[in-house]
Amino acid sequence: MNYFPDEVIEHIFDFIASHKDRNSISLVSKSWHKIERCSRKRVFIGNCYAINPERLIERFPSLRSLTLKGKPHFADFNLVPHEWGGFVHPWIVALAKARVGLEELRLKRMVVSDESLELLSRSFSSFKSLVLVSCEGFTTDGLASVAANCRHLRELDLQENEIDDHRGQWLNCFPESSTALTSLNFSCLKGETNLAALERLVARSPNLESLKVNRAVPLDALTRLMSCAPQLVDLGVGSYENEPDQESFMKLMAAIKKCTELRSLSGFSEVAPLCLTAFYPICQNLTSLNLSYAAEIQGNHLIRFIQFCKRLQRLWILDSIGDKGLEVVASTCKELQELRVFPSDLHDEEDNDTAVTEIGLVAISAGCPKLHSILYFCKQMTNAALITVAKNCPNFIRFRLCILEPNKPDHTTSQSLDEGFGAIVQACKGLRRLSVSGLLTDKVFLYIGMYAEQLEMLSIAFAGDTDKGMLYVLNGCKKMRKLEIRDSPFGNAALLADVDKYRTMRSLWMSSCEVTLGGCKRLARNAPWLNVEIINENENNDVMERNEEDEREKVDRLYLYRTVVGARKDAPPCVTIL
Amino acid sequence: MSDVCSSSGSVNVMIGVSSPAEGEDDNAAAAALSSEDSSSPDETVAGTELDLALGLSIGWPPLRTYRINSLVNQAKSLPTEDGLSSNIQKDTATKNGVVAAKNDEVGFIKSPMLVKVTMDGVIIGRKIDLNAFDSYEALAKTLEQMFFHTPSSLTTTRCKETRGASELLDVSSEYIITYQDKDGDWMLVGDVPWLMFLGCVKRLRIMRRSGETGGGK
């Protein structure tokens with residue numbers, strides 16, 4: 001029984017934003033369930049095939065903001081065929097039909113068409129925010145319709161999408177009356193940009209806080225843009241063809257000096273190192289710096305710049321910074337929370353002295369007390385280093401280590417890295433995401449199962465010896481939601497041991513493992529609430545046919561996920577849903 | 001396998017491709033497919049094709065296509081005194097001089113020709129882009145790198161003995177490379193001219209010499 005009128009309860013619920021909390025509230029009682037669902041504005045759907053749009057709309061009629069994720073994570077690394085699925089169109093159609101007052105749409109790894117964008121732009125008069133991450137299937141024509149028709153558009157954020165750039169005039173399509181933009185990110189567009197249209201748009205957008213341009217925006221245009229947007233907080237720089245002449249450089253520096261609110265800097269693809277120095281005037285204000293595309297800036301330039309960035313909380317960088325550079329980061333960036341170090345040199349032949357090693361990682365762990373998220377690509381690692389890191393940084397939430405060579409052991413002892421990763425999971429009690437690499441036996445999974453109590457996402461590649469490894473994880477990690485495994489010797493025994501475990505997980509991915517078609521079929525029979533998808537190699541049709549007959553045939557790629565709406569109808573020929 | 005034909009005239013223009021241990025380039029596919037222009041439908045598979053062009057396992061190391069492409073594009077644009085170089089830690093001063101070369105390279109891009117490669121005793125097969133090579137020697141060298149210099153957990157213990165396999169094309173080698181042609185027959189690699197081979201090969205298999213019966217799989 002409620003002691004307050006529904007409106008009051010609803011008002012109280014307004015203060016509860018987190019999806020998890022709201023989901024919990026809705027389980028308290030029927031009355032709370034109803035109040036919660038009718039007042040819910042924001043919904044997050046981690047797997048677009050777990051539910052369908054009709055049921056979503058039925059449950060949450062007041063929906064304003066929808067986040068959808070499509071393809072599994074390994075699609076980022078080309079392990080999922082492009083035609084696999086994740087189409088947003090049916091969602092937009094359903095939302096439009098039900099006249100949902102959609103204001104915000106955030107999509108990740110989904111297929112978006114120009115038709116979808118056109119429909120979106122015409123169907124939701126209050127639409128304010130479109131964020132597309134790692135999506136594909138559309139062109140700048142689709143962007144043009146969004147620009148032209150969404151009269152209240154505030155945010156257009158395109159991150160790392162595959163967009164067919166027709167080099168049209170999509171920027172021109174923003175009406176002159178459009179002045180509400182707060183965020184515009186088109187850094188992933190490959191074609192030319194209408195600079196005049198861009199400048200006019202920025203000039204008439206006084207609330208613009210985030211601007212990320214693409215490679216086609218040269219230095220002098222950037223200078224003009226910054227001059228008419230000194231209020232910018234977040235800037236993505238394009239490219240510079242050559243080193244700037246003295247005058248252009250001074251003008252740029254002057255414009256940058258005026259941007260006193262600037263806190264986040266990114267881009268810098270194809271940039272002459274000197275251009276980074278133009279940002280010296282404001283670098284002590286920066287909290288976020290992404291130089292991971294700036295392959296042309298040498299380590300020493302990076303180091304000189306970062307020396308002044310004392311307030312950095314987030315740093316994405318290339319390994320050209322070297323261990324020495326990371327030591328500078330460790331002594332300078334005491335506020336650092338998130339670090340990502342990407343490989344800069346993809347050619348193995350050179351014995352690259354300047355790349356990062358375990359030394360840099362240890363230095364960071366020792367120097368940055370607030371560090372909680374790390375993604376680190378390197379060529380070598382040791383157990384001793386990982387044990388030290390674990391001792392220095394027990395607060396890791398995300399720990400992703402990628403040793404470039406599969407199965408590489410500790411380079412000083414030639415042993416596996418089981419003990420190192422074991423130390424990490426034992427010390428970091430709040431660890432939610434882990435990626436392991438290097439030479440690993442079943443033992444590391446024993447440790448993970450034993451200690452990683454909060455672990456929600458685990459990525460495994462080229463690791464383990466027997467089914468026991470996978471079983472340790474499935475049995476031990478109670479909070480596991482996403483498990484993705486490739487090239488590891490786990491098979492049917494592990495897959496089938498505890499079918500009910502998959503009720504508690506969002507999804508499981510296994511590729512190039514030991515599971516067979518027979519095992520997958522058995523799983524599908526025992527778990528009708530799962531979609532068990534087999535993704536076949538599609539170059540040899542005869543291989544595919546053989547797969548269908550022989551249950552002992554190993555499955556190349558398996559993707560399973562819980563769903564309340566059964567097998568999807570839009571799977572392409574290369575996908576078999578058992 | 002003693003007479004190995006190698007085509008002399010064809011140009012292998014994919015810089016850095018001949019070295020099989022390249023890191024992943026999501027965008028590295030650009031080297032093979034020149035994705036500097038706006039993407040076409042075919043380009044959306046660029047990442048996979050690049051991995052394959054480099055003779056790598058697909059999707060390793062785990063980097064987004066977008067990111068790999070950016071590195072490769074920049075690698076191409078940075079010259080050294082020797083001409084195009086894969087080392088991207090260089091001065092941009094001579095960058096202009098390289099633009100022309102970049103364009104030339106674009107003209108030679110071939111679309112990848114992907115075939116599966118398996119080896120007796122190896123659990124995990126690989127895929128390879130035959131257009132990345134201009135001769136049997138180049139192919140053999142890459143296969144050697146892929147299968148005989150791979151850490152043990154990907155192969156059976158027998159493969160640790162690399163002595164007999166150091167020269168795949170050598171008559172004395174313990175292993176031989178065979179291919180399945182359009183008709184489904186298994187043939188010895190190296191008997192026909194390289195370009196003719198490209199025209200009929202469907203998949204490759206590295207067999208132990210003693211197991212060779214001349215028959216198919």
Side-chain angles (χ1 to χ4, degrees), chain A residues 74 76-79 81-82 134 136-137 139-140 160 162-167 188 190-191 241-243 269-270 272-273 292-293 295-296 298-299 318 320 342-350 354 377 402 404-409 435 439 459 461-463 465 486-487 489 512 514 537 539-540, chain B residues 16 19-26 28 35-41 43-45 47-51 54 57-68 70-75 77-78 86-93 95-96 114-116 123-125 127 150-154 202-203:
Chain A
F74 275 176
D76 282 352
F77 318 128
N78 302 309
L79 288 173
H82 280 269
S134 297
E136 59 182 342
T139 78
T140 44
E160 299 185 348
E162 285 283 340
I163 305 174
D164 206 355
D165 195 333
H166 289 168
R167 292 179 184 140
C188 58
K190 295 174 192 154
E241 283 175 18
N242 304 302
E243 299 234 342
S269 49
E270 295 170 19
S292 63
Y293 290 102
E296 296 186 18
Q298 292 179 41
L318 290 172
S320 46
F342 294 96
S344 63
D345 180 9
L346 302 176
H347 304 280
D348 216 24
E349 289 155 10
E350 299 182 30
T354 62
F377 283 84
C402 181
L404 289 169
E405 190 188 314
N407 293 288
K408 187 153 185 188
S435 300
L439 183 64
S459 308
F462 305 103
D465 302 314
R486 60 166 294 179
D487 293 280
S512 304
E514 299 290 311
E537 301 193 24
E539 8 130 312
N540 288 332
Chain B
S19 160
E22 301 302 339
E24 60 185 21
D25 266 352
D26 285 341
S35 60
E36 280 132 35
D37 294 329
S38 60
S39 52
S40 64
E43 230 176 271
T44 54
V45 293
T48 309
E49 286 162 358
L50 176 68
D51 290 333
L54 297 176
S57 291
I58 294 179
W60 188 266
L63 285 174
R64 283 189 186 173
T65 306
Y66 194 79
R67 185 168 290 285
I68 293 184
S70 78
L71 289 178
V72 168
N73 280 337
Q74 290 175 71
S77 67
L78 283 167
S86 59
N87 186 344
I88 48 185
Q89 312 266 8
K90 296 290 184 202
D91 193 0
T92 54
K95 189 171 172 176
N96 289 337
L114 316 167
V115 297
K116 199 168 173 183
I123 297 170
I124 295 170
K127 280 198 223 161
T150 311
S152 57
S153 72
L154 290 181
K202 282 283 157 266
R203 50 177 20 175

Atom group of A/Phe342 that falls short of 4.5 Å from chain B, counting heavy atoms: side chain
Proximity breakdown for A/Ser435 and chain B, heavy-atom pairs closer than 4.5 Å: neither
N/O donor-acceptor pair under 3.5 Å between A/Arg486 side chain and B/Gly59 backbone: yes
Pairwise side-chain contact, A/Phe377 with B/Pro62, heavy-atom cut-off 4.5 Å (strictly under): yes
Inter-residue atom distance B/Arg67.CZ - A/Asp76.CG, 0.5 Å rounding: 11.0 Å
